[in-house]
Amino acid sequence: MAKKTMKFKTELSQLLHLITHSLYSHREIFLRELISNACDAIDKIRFAALTDTDLLDGDSDWKIHLSVDNEAKTLTISDNGIGMDEESLVENLGTIAHSGTKSFLARLQEEGVKDNPDLIGQFGVGFYSSFMVADRVTVDTRMHGKEAVKWESEGTGSFTLGEGTRETRGTSVTLHLKDEASEYLEEYSLRMLVKKFSDFIEHPVTMMVTRTKKEGEGDDAKEVEVTEEETLNSQKAIWLRAKTEITGEEYSEFYKHISHDFADPAGVIHYRAEGAMEFKALLFIPEKKPFDMMMGGGDHKAHISLYIQRVFISSDFENLLPPYLRFVKGVVDAADLPLNVSREILQENPQLDRIRKNLVSRILKTLADMKEKEGDKYLTFFSEFGAILKEGLQVDFENREKIADLLLFETTATEPGKLRALSEVVEAMDEKQEEIIYLAAEHRGLADNSPFLEGFKADGKEVVLFLDPIDEFVMPQLYDYKGKKFKAANKGDAGDDESLKDEKEKFEGFLGFVKEKLSGVKEVRLSTRLKESPACLVGDEYSMSPHIEAMMRRAGQPVPEMDRVLELNPTHPAVQAVQAMYEADKDDAKLGESVELLRDLAHVAEGSKVENPTAFAARIAALMARDLQ
Ligand code: ADP
């Protein structure tokens with residue numbers, strides 16, 4: 001194979017630059033990342049070989065080996081894992097699989113990230129972290145039945161591909177260490193880092209170690225140098241150990257190993273299920289969204305690693321956790337599942353369903369405890385993952401109520417930005433109140449000034465504010481909560497009001513006229529919900545709020561045109577004035593304009609656009625001119 005040079009995708013070049021410059025003080029993590037990759041590669045071939053032993057080429061003595069060349073100043077991490085062929089090398093190490101990388105980079109630059117591992121850590125830098133310690137990296141790799149290939153790069157703009165030298169399956173990553181990173185040539189440093197980051201890795205991480213030993217007895221004794229291969233990690237799977245023996249630091253390191261996160265986890269769930277099904281689970285609740293979730297992307301599936309009696313099976317069994325808990329990371333090790341079957345058959349196994357149910361209730365219980373006992377921590381969790389958790393209302397009927405217990409909202413009784421649980425809203429409610437009233441709004445400011453809340457405010461009723469676009473879709477699925485139904489403040493009938501009886505008669509003809517005059521309005525009626533504003537537009541009980549409609553249109557989604565009801569406030573002087581104008585002269589040229597203006601005011605007050613902004617502005621200007629003269 002002739003040697004060729006290829007360019008990195010632009011984003012990757014930028015990212016490499018950022019990694020090498022912004023994560024410098026955390027550069028030692030390169031070893032964890034490379035050992036993790038080697039470990040994954042071994043797990044992959046081991047799993048594939050369960051159904052096809054030929055793939056092993058007789059080599060299943062799993063090992064990750066570190067070797068140092070002091071002369072050449074290189075550190076090599078070798079594994080006998082699955083290896084890569086030319087195509088997968090280019091794909092894996094020449095591009096970034098994540099979508100949304102560009103916008104992520106823009107954000108990093110915007111926030112002036114210098115040494116901010118939190119942000120870039122969410123990205124999962126993986127292999128590229130090698131360039132923090134090396135000015136050149138060589139990857140020599142071979143797959144079963146393929147030629148060896150060599151990838152080499154200085155981590156600037158390009159990489160080369162050429163013939164490899166590996167004779168057996170697996171990958172060797174050689175780091176040509178920078179002068180200031182020469183500590184990674186020392187046995188002591190490597191030993192310490194393996195212990196710190198990778199102690200629990202199931203496969204041995206080994207290194208040749210030279211010791212002086214005494215040989216012979218008495219006068220014949222002499223010191224000789226002996227070089228032996230030594231295993232640096234204890235290889236004890238952390239989830240199999242007793243909880244009491246594991247330190248918080250060990251949990252954190254394991255979490256970082258599986259998640260590529262930089263931060264410690266916000267919560268750890270470690271338990272053993274016994275009885276009808278036996279399994280051990282070690283799960284983590286992250287503190288922050290990982291990169292793909294932050295960009296709203298990702299595959300929307302939960303990735304819990306499934307082991308069967310310590311043998312890694314897969315990290316993408318979809319039915320091990322429902323998507324609404326996809327932020328949870330971790331490992332499940334099952335005792336009773338059959339080892340030697342295909343993924344597809346395993347996927348159908350009813351045991352997995354039982355495991356999932358058990359995991360879900362544990363996670364919900366842990367979150368409920370966190371909410372009760374560690375309020376601040378829970379708030380952080382909720383602001384990161386609340387929107388994902390809410391999806392559960394739509395799909396997990398059985399746990400609906402438990403999920404609802406975990407939800408927090410702003411309400412008309414909270415300060416802006418502060419949240420309150422639905423249960424608190426219900427507790428604070430007058431017993432006779434049968435409904436939880438909510439208003440979906442684009443932001444708090446609009447909600448606070450919404451005409452729809454005037455009546456509720458006057459009655460001293462708390463209104464829950466749905467400020468997250470998903471709320472309006474998922475919350476009604478809940479149907480009721482603690483026996484109270486949900487009712488939108490801006491939809492449906494607000495109930496009859498006896499006091500409007502006289503007005504109704506008086507306004508009857510006028511209301512008919514307004515209806516005729518305005519298109520896109522399906523009914524015009526007097527309002528019982530308005531106290532201060534002249535007009536508002538009300539949708540059907542199950543219609544979308546106007547800002548959600550607008551949002552969907554912007555996103556190119558088809559949204560059916562829905563006519564709404566125009567409600568007028570008969571106590572408002574503007575409404576009274578237009579009505580008087582109608583009574584005086586139905587043909588007055590200004591009457592039609594004034595009716596349109598009332599409708600426009602309803603749009604403006606709810607935060608929507610008026611149909612014809614130019615005409616609207618001209619009318620207001622004319623009114624000002626008249627009024628201010
Ligand atoms: P990640 O491990 O998060 O996917 P990396 O950038 O570390 O990201 O690695 C990219 C990909 O390169 C891996 O997903 C894997 O497919 C491949 N890879 C990296 N190291 C090895 C290795 N030692 N053996 C086989 N494949 C590897």
Side-chain angles (χ1 to χ4, degrees), residues 8-9 11-16 18-20 23 27 29-49 55 59 62-67 75-99 101 104 120-134 137-144 146 148-153 155 159 161 164 166 168-175 197-198 201 203 205 255-262 286 290-293 297-299 303 305 312 314-316 329:
F8 284 127
K9 289 268 156 75
E11 294 98 89
L12 184 51
S13 295
Q14 268 177 292
L15 188 72
L16 280 170
L18 258 163
I19 293 170
T20 35
L23 282 177
R27 60 196 174 140
I29 58 118
F30 82 92
L31 194 63
R32 172 182 82 199
E33 298 298 313
L34 295 181
I35 292 178
S36 279
N37 282 349
C39 184
D40 292 348
I42 292 175
D43 287 339
K44 278 183 199 157
I45 183 75
R46 187 172 58 167
F47 179 69
L55 297 176
D59 178 7
W62 310 121
K63 192 195 292 185
I64 299 158
H65 186 71
L66 309 184
S67 54
L75 166 65
T76 300
I77 295 101
S78 295
D79 63 65
N80 53 353
I82 194 155
M84 285 176 272
D85 58 7
E86 187 183 339
E87 199 185 331
S88 47
L89 254 181
V90 174
E91 164 118 9
N92 293 331
L93 305 184
T95 55
I96 302 179
H98 301 291
S99 57
T101 305
F104 173 74
I120 195 154
Q122 284 168 285
F123 189 83
V125 287
F127 171 80
Y128 307 109
S129 59
S130 353
F131 290 104
M132 292 190 290
V133 295
V137 178
T138 314
V139 180
D140 193 355
T141 177
R142 187 185 192 109
M143 253 186 152
H144 164 83
K146 297 271 175 77
V149 209
K150 189 183 274 183
W151 176 103
E152 195 162 61
S153 175
F159 60 91
L161 279 182
R166 262 195 83 116
T168 53
R169 188 202 62 239
T171 303
S172 304
V173 178
T174 298
L175 309 180
F197 291 136
S198 316
I201 295 252
H203 311 294
V205 180
Y255 165 71
K256 290 173 187 171
H257 161 69
I258 56 170
S259 66
H260 300 278
D261 195 349
F262 270 74
F291 170 75
D292 45 5
M293 273 186 205
D299 55 8
H303 291 278
S305 297
F312 175 80
S314 168
S315 60
D316 49 31
K329 303 271 181 247

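Every number for a ligand or one of its atoms is a count from 1 in the order of the listing.
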Do any nitrogen or oxygen atoms of [X] come within less than 3.5 Å of a nitrogen or oxygen of ligand 1?
| X | value |
| --- | --- |
| Phe127 | yes |
| Asp79 | yes |
| Thr171 | yes |

Would you confirm whether [X], through its side chain, and [Y], through its main-chain N or O, come within 3.5 Å as a donor-acceptor pair?
| X | Y | value |
| --- | --- | --- |
| Arg32 | Phe197 | no |
| Thr76 | Ser172 | no |
| Asn80 | Lys63 | yes |
| Arg169 | Gly83 | no |

* Number the atoms of ligand 1 from 1 as they appear, then name those within less than 4.0 Å of a heavy atom of Lys44, with their elements. =>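 With Lys44 as reference, the close atoms of ligand 1 come out as 16 (O).
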* **Identity of the nearest option to atom 16 (O) of ligand 1, non-hydrogen atoms only, from Thr141, Asn92, Ile82** =>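 Shortest heavy-atom distance from atom 16 (O) of ligand 1: Asn92.
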* Asked: What orientation do Trp151 and Phe127 show, parallel under 30°, tilted 30 to 60°, or perpendicular over 60°?
  ->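 Judged by the thresholds at 30° and 60°, the geometry between Trp151 and Phe127 is perpendicular.
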* At the 4.0 Å heavy-atom cut-off, does Met84 count as touching ligand 1? -> yes
